[in-house]
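This report concerns only the one structure given below.
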Amino acid sequence: MPRSLDPQVRRALTERIRFYNELGIYDFYRRPANDSPAEVAPEPQPEQREEMPLRSKAAVVVVEEDLFAVPKPEAAVPDPAKALRIIREDLGDCTRCRLHKQGRKQIVFGVGNPRAELMFIGEAPGADEDQQGEPFVGRAGQLLNNMIKAMGLQREDVYIANIIKCRPPGNRTPERDECDTCSPFLMRQIAAIQPKAIVALGAVAAKTLLAINAPMAEFRGHWYDFRGTKLAVTYHPAFLLRDPRQKKETWKDLQMVMRELGLPVPAKGVE
Ligand code: URA
């Protein structure tokens, strides 16, 4: 049953939610309400109140009041191209994580068909992508283009994005907090595009999207449910440049995706 909320807690929560909205985060994980007295957090002392609201029972009560249901700016926009423009505007000249002051030239938002049935998600822009403002335009991008062509598609048919939108210095692996800060915008891009399938390229994309820490050998070869969308994992094209023998395995992954999308599967694989 909905209960009224301590006004101080309500104000603190509203501010916290607004703070997250400004970061581009609109989706919150919700713990189920549990009325068992043993589970109820002790009443905070007045001086603790500003610190505690998200952990207190009041936070559960707020779910019933639907304080968290702040619509995303693009929520009521049926045209995915327009929705993507709104998300890009919301991202702005992002300074939400340290990468904005570590040498990135520009934000690499994503490219392709806003109504794509297939989305590829890589790790992070490299030097070429940072220079050109588009994902996968360097050597790894050429190989990704070949993978897309081998599937009987054009680059323009699909949508390509990365877990993070700014180049990490020296192409280092993105830090966890950088992924956490940036990926809510990717989630919104996925929600706007509503692809039939997503292909995560490499371990960083797979681990971030699926929140599972597993080796590539375990990730590959199955479908995952990613928020209602089918997701498959394959090798990152940069890895294939270093170990071209794995192209054969990659082709198996792509064939699995083609079958799911109802695309004809030619015998010839990735060159
Ligand atoms: N590697 C990635 O993961 N993404 C790019 O955009 C380019 C290289």
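Indexing begins at 1, ligand by ligand and atom by atom, following the structure's order.
For ligand 1, the atoms closer than 4.0 angstrom to any heavy atom of Pro135 are 6 (O). Counting the atoms of ligand 1 from 1 in the order shown, those under 4.0 Å from a heavy atom of His236 are 1 (N), 2 (C), 3 (O). Annotation for ligand 1: atoms under 4.0 Å from non-hydrogen atoms of Glu123 are 2 (C), 3 (O). Near Gly122, with a cut-off below 4.0 Å to any heavy atom, the atoms of ligand 1 are 3 (O).
Note on ring orientation: taking the six-membered ring where Trp is involved, the planes of Tyr224 and Phe219 are perpendicular (angle over 60°, cut-offs 30° and 60°).
A salt bridge links Arg98 with Asp177: at least one charged nitrogen is closer than 4.0 Å to a carboxylate oxygen. Ion pairing between a basic and an acidic side chain is recognised when a charged N comes within 4.0 Å of a carboxylate O; Asp90 and Lys72 show no such pairing.
Of the protein's heavy atoms, Asn162 OD1, 2.8 Å lies nearest to atom 4 (N) of ligand 1.
Contact of the Thr234 side chain with the Leu201 side chain is registered, since non-hydrogen atoms from C-beta on lie closer than 4.5 Å.
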- [ ] Could you go through the side chain to side chain contact (heavy atoms under 4.5 Å, CB included) check for Tyr235 and Asp243 one step at a time?
- [x] CA-CA 10 Å; Tyr235 290 116; Asp243 187 355; over 6 Å; no
(Q) Before you tell me yes or no, could you show the steps for Gln246 and Arg220 under side chain to side chain contact (heavy atoms under 4.5 Å, CB included), namely the whole-Å CA-CA distance, both residues' side-chain angles and the distance that decides it to 0.1 Å? (A) CA-CA 12 Å; Gln246 302 305 329; Arg220 293 184 45 248; 5.9 Å; no
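Heavy atoms of Ala238 stay at 4.0 angstrom or farther from ligand 1.
In the hydrophobic cluster analysis, where Ile, Leu, Val, Met, Phe, Trp and Tyr join through side-chain heavy atoms closer than 4.5 angstrom, Phe226 is grouped together with Met256.
In terms of polar-atom proximity, Ala124 is counted as a contact of ligand 1, with an N or O under 3.5 Å from an N or O of the ligand. Note: no N/O pair closer than 3.5 Å links Pro125 and ligand 1 by distance alone.
The nearest non-hydrogen atom to atom 7 (C) of ligand 1, considering only Glu134, Arg139, Glu129, comes from Glu129.
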